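Here is the structure we will look at.
Because the structure is predicted, anything quoted here is derived from the model rather than measured. Reminder, nothing fancy here: chain letters follow the sequence lines and each chain counts from 1.
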There are 2 protein chains.
Amino acid sequence: MRPPKQLSVNAPMAKTDHIPAPAVKRLSLYLRQLETFHAADRKTVSSRELGAVLSLSDAQVRKDFAYFGQFGHPGIGYRVLELIQRVRRILGTDKTSNVLLVGVGNLGRALLAYRGFSQRGFDVVAVFDADAKKIGQKIAGPSRLVVQSLEELPGVVSDSKVRTGILAVPATAAQGVADIMVAAGIRGILNFAPTVLRIEAGVSVSSVDLAVHLEQLSFQVGPSDPQTL
Amino acid sequence: MRPPKQLSVNAPMAKTDHIPAPAVKRLSLYLRQLETFHAADRKTVSSRELGAVLSLSDAQVRKDFAYFGQFGHPGIGYRVLELIQRVRRILGTDKTSNVLLVGVGNLGRALLAYRGFSQRGFDVVAVFDADAKKIGQKIAGPSRLVVQSLEELPGVVSDSKVRTGILAVPATAAQGVADIMVAAGIRGILNFAPTVLRIEAGVSVSSVDLAVHLEQLSFQVGPSDPQTL
DNA sequence: TTTTGTGAATTGCTTCACAGCA
DNA sequence: TGCTGTGAAGCAATTCACAAAA
């Protein structure tokens, strides 16, 4: 299955045969764990170790990386720092990218205060809200962001080359704001509103529904009232 | 090297042969959509319609429900209200359940203000933080909650029959707090800290890593700088 | 040795297609 | 007719197992 495809100075992401979505999801988890290993000064790690921490088989780990090229060193394992850099490149987070946020309610403010985004290469460069009372408000913290009107969104997208937007508005407003984002040129939306967005093909949507996660737990934990039908 | 296989789900319904995890996930999405249909006064819905909204095949929808029993009516479809009730029972959200939250930072406050939880049958009955300065603070809103010390957590768990906890603390504190939760009898943890929790079998964990979702989008959208190595 | 990378085998999930019922 | 429920088929993802490399 592998033609003599040496990847040295070539092949940025050449082999996009077809990558399972679950593998891409795990890539983020590997990256996070690799960064933990790096912080602990580990130089190399084997597929077995990395898998054990994440409750995955060693074969799973190796196959996931193999979708993207040759990353490991037989007899040694994977070099932590090298693998971090290559995974970041695959995910497109090796360079910081600009994102915008719409919806400065409780959730929006929490997301703005969340340090994890900038640590992982995402920089919130503009904030919008539909509520006229919020426009002009300064966001607490070092960001110096000021809440802008939605009307200014298209201009910001083209000026700042923003490709990704975070949607933290009520469910009833989500579709309308999403339409504005897409029309302005946004190519990916991280949606926190508990509703289905209808979006044209070519634009990616990732939805996070907090209640859904609690329901999944509820199912796994089982009914508190074990009999009953 | 096999990942641990826990989960001894005690069968609430007769036919708990083995249910695919993706099917359970979709159940939450079906429920949300059914509630939307109900709000629009729809009395029945076919697998085709329900699937179309969620971008799923009709067969997928029927098979998912079939894992749990006979829900539909040939020639009619599914009765919306009846299906809502049965899905809620399956997920264990037909009766409100008590949950607790640890970590009253930005994210924790946003989660406390999120109405979605109570709408879906979850009631946050207690809030904890490790920071002595926060203990005793009242939480804004109608809940009348007061931030408590972690030392009081075990008592609250047994008194209020809390089985689920939301973890909204920094990554460095997450494992320690999780251990306290588990020791106190918590059976399910919704974890917002970007770290892997090591938890004994029999306790479920669902992790939400906000940065991971952005990374997935980043991969799907592709590099902003398409050439380059 | 240890450990990767990968074809082959296996497991699991989704779709197909149709019997049966309203 | 319209639609569900379900075995069978098809496809996708995971695990197995081993050659090759250090």
What do the steps show when you test A:I166 against A:F122 for side chain to side chain contact (heavy atoms under 4.5 Å, CB included), and what is the final call? CA-CA 11 Å; A:I166 302 173; A:F122 299 98; over 6 Å; no

Can you tell me if the side-chain N/O atoms of B:Q70 get under 4.0 Å from OP1 or OP2 in D:dT6? yes

What is the distance, to the nearest angstrom, from the CG atom on B:L50 to the C1' atom on D:dT4? 14 Å

Can you tell me which nucleotide in C:dT4, C:dT15, D:dT14 comes closest to the side chain of A:Q60? D:dT14

Distance, rounded to the nearest Å, where A:H18 contributes NE2 and D:dA12 contributes P: 8 Å

Taking for each residue the nucleotide of DNA chain C with the nearest heavy atom, is it A:A59 or A:G75 whose nucleotide lies nearer the 5' end? A:G75

At under 4.0 Å, does any side-chain N or O of A:R26 touch on OP1 or OP2 of D:dT14? yes

Which nucleotide sits closest to the side chain of B:P74: D:dA13, C:dG20, D:dT15? C:dG20

Is the shortest side-chain heavy-atom distance between A:E35 and A:R88 below 4.5 Å? yes

Separation of atom OH in A:Y30 from atom P in C:dT4, rounded to whole Å: 12 Å

Walking DNA chain D from its 5' end, the first of A:P22 and A:H73 to be reached, judged by nearest nucleotide, is A:P22

Is it true that B:Q175 and B:T195 share a donor-acceptor pair across their side chains at a distance under 3.5 Å? no

Between A:D64 and A:R62, does any side-chain N to carboxylate O distance fall below 4.0 Å? no

Quick one: on DNA chain C, does A:I76 or B:S57 contact a more 5' nucleotide (nearest heavy atom)? A:I76

Nearest whole Å is fine: how far is C:dT15 P from B:D58 CG? 9 Å

Any side-chain N or O of A:S47 less than 4.0 Å from the OP1 or OP2 oxygen of C:dT4? yes

Could you state the atom-to-atom distance from CG of A:D64 to C1' of C:dT6 in whole Å? 14 Å

Report the C-alpha separation of B:S207 and B:D209 in whole Å, then their side-chain angles, then the decisive distance to 0.1 Å, and conclude whether the side chain to side chain contact (heavy atoms under 4.5 Å, CB included) test is met. CA-CA 6 Å; B:S207 286; B:D209 187 328; 6.0 Å; no

Taking D:dG5, C:dT3, D:dA13 as options, the one with an atom nearest any side-chain atom of A:S46 is C:dT3

Rounding to an integer number of Å, can you tell me how far B:F65 CZ sits from D:dC3 P? 16 Å

Between atom OH in A:Y78 and atom C1' in D:dA22, what is the gap in whole Å? 15 Å

Output the single nucleotide from D:dT15, C:dC18, C:dT14 whose closest atom is nearest the side chain of B:R62. C:dC18

Whole angstrom is fine here: how far is it from CZ in A:R48 over to C1' in D:dA17? 14 Å

